[in-house]
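Worksheet for the structure shown next.
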Amino acid sequence: DKKNQAAEQAQLGSKFFAESDYEQALDFFFLSLKTNMSVDNEKGIIVSYISIGKTYFASGDLSTAAIYYNKAVEIADFIEDPVLKAQCFINIGELFLAEANYKEAALSFNNANKFIEDLEEIEEKAIILHNIGIVHKRQNEFTKAESFVNEALVINSKLKIYKEMASNNY
């Protein structure tokens with residue numbers, strides 16, 4: 001089945017991404033994108049665009065990352081998946097954060113939060129809280145920063161996401 005094939009291609013892309021082999025990662029993410037498009041798998045297409053964007057982001061090509069993040073948002077507008085929509089805006093917010101555009105970063109994180117605020121504690125909520133904390137930290141608003149990061153830590157602790165817990169303490 002093509003959806004499973006696309007998922008396997010994305011897994012290989014993620015493996016290469018984790019090894020910082022961005023060229024190979026992109027090859028598999030683009031392959032996954034093509035496969036998802038061939039079966040009109042909108043969620044898979046969004047995830048592929050996000051993965052491609054993250055890979056460009058990690059390699060330092062922020063403008064190309066923005067292109068793929070925005071493609072993900074365009075498609076996410078048509079589906080009913082609040083978590084995927086939130087992920088799109090989290091990534092855009094992280095781009096703004098990397099560019100030291102704190103106002104736009106905060107807006108993006110708040111937009112992301114709107115999609116999932118009624119959901120139970122999930123990883124994306126912790127990511128948003130952590131990122132909002134970073135926005136405040138970079139603006140020397142340390143008390144606000146600590147409050148948001150501590151909220152993220154509580155969620156990550158409940159979810160047993162130890163890598164993120166370490167990040168919250170950094």
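Under the 30°/60° scheme for interplanar angles, the aromatic rings of Phe17 and Phe29 are found to be tilted. Taking the six-membered ring for Trp and thresholds of 30 and 60 degrees, Tyr68 and Tyr49 have ring planes inclined between 30 and 60 degrees apart. In this pair, Phe57 and Tyr69 present their aromatic rings tilted. The plane angle is within the 30 to 60° band.
The two residues Leu159 and Ile122 come nearest to each other via the heavy atoms CD1-C, 3.6 Å. What you find for Phe142 and Lys137 is that their closest heavy atoms are CE2-O, 3.7 Å. Nearest heavy-atom pair, Ala25 versus Gly13, reported as atom, atom and distance to 0.1 Å: CB-O, 3.4 Å. Of all non-hydrogen atoms in Ala6 and Ser32, the two that sit nearest each other are O-OG, 2.9 Å. The shortest non-hydrogen separation linking Pro82 to Ile116 is O-CG2, 3.7 Å. In terms of heavy atoms, Arg138 sits closest to Leu97 at NH1-O, 3.4 Å.
Taking the side chain as every heavy atom from C-beta outward, Ile155 and Glu151 never approach each other to under 4.5 Å. Taking the side chain as every heavy atom from C-beta outward, Gln5 and Gln9 approach each other to under 4.5 Å. Side-chain contact between Ile127 and Glu94 is present, with heavy atoms from C-beta onward closer than 4.5 Å. Side-chain atoms of Phe148 and His130, non-hydrogen and from C-beta on, never get closer than 4.5 Å to each other.
Residue Phe28 holds its CZ atom at 5.0 Å from CZ of Phe16, rounded to the nearest 0.5 Å. Atom CG of Leu31 is separated from atom CG of Asn36 by 10.0 Å, given to the nearest 0.5 angstrom. Atoms OG1 and NZ, on Thr35 and Lys3 in that order, are 13.0 Å from each other to the nearest 0.5 Å. Separating the CG atom in Leu107 from the CD1 atom in Ile92 is a distance of 12.0 Å, to the nearest 0.5 Å. With rounding to the nearest 0.5 Å, the separation of CD in Glu124 from CG in Leu129 is 12.0 Å. Between atom CD of residue Glu74 and atom CD1 of residue Ile46 there is a gap of 11.0 Å, rounded to the nearest 0.5 Å.
More than 12 heavy atoms of other shown residues, nucleotides or ligands fall within 6.0 angstrom of atom CD in Gln139. Counting non-hydrogen atoms of neighbouring residues, nucleotides and ligands closer than 6.0 angstrom, the CD atom of Glu80 reaches no more than 12 such neighbours. For NZ of Lys85, the number of neighbouring non-hydrogen atoms (other residues, nucleotides, ligands) closer than 6.0 Å is greater than 12.
Tracing side-chain contacts under 4.5 Å through hydrophobic residues (I, L, V, M, F, W, Y), one never reaches Leu12 starting from Phe30; they form parts of separate clusters. Placement of Ile134 and Ile128 within a single hydrophobic cluster is found when ILVMFWY residues are connected by side-chain heavy-atom separations under 4.5 Å, directly or transitively. Ile79 and Val83 sit in two unconnected hydrophobic clusters of ILVMFWY residues. Membership requires side-chain heavy atoms under 4.5 Å apart, directly or through other members. Under the 4.5 Å side-chain heavy-atom criterion for ILVMFWY residues, no single connected hydrophobic cluster contains both Tyr56 and Phe89.
Of the possible donor and acceptor atoms, none in the side chain of Lys43 sits under 3.5 Å from a partner among the backbone N and O of Leu84. Between the Ser51 side chain and the Val47 main chain, a donor and an acceptor come within less than 3.5 Å of each other. In this structure a side-chain-to-backbone donor-acceptor pair under 3.5 Å is missing from Lys125 to Asn113. The main-chain N or O of Leu153 is never found under 3.5 Å from a side-chain atom of Ser157 such that the two would form a donor-acceptor pair.
Partners of Phe109 by ring-ring contact (aromatic ring centres under 6.0 Å, His included), not counting sequence neighbours: none found.
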Item to complete: For side-chain contact (heavy atoms from CB on, under 4.5 Å), just list the numbers for Lys158 and Val154, CA-CA rounded to whole Å, side-chain angles, deciding distance to a tenth of an Å, and then say yes or no.
Response: CA-CA 6 Å; Lys158 285 181 184 176; Val154 168; 4.0 Å; yes
Q.
Between Asn110 and Ile132, does the side-chain contact (heavy atoms from CB on, under 4.5 Å) criterion hold? Intermediate values first, please.
A. CA-CA 8 Å; Asn110 286 325; Ile132 291 172; 3.8 Å; yes
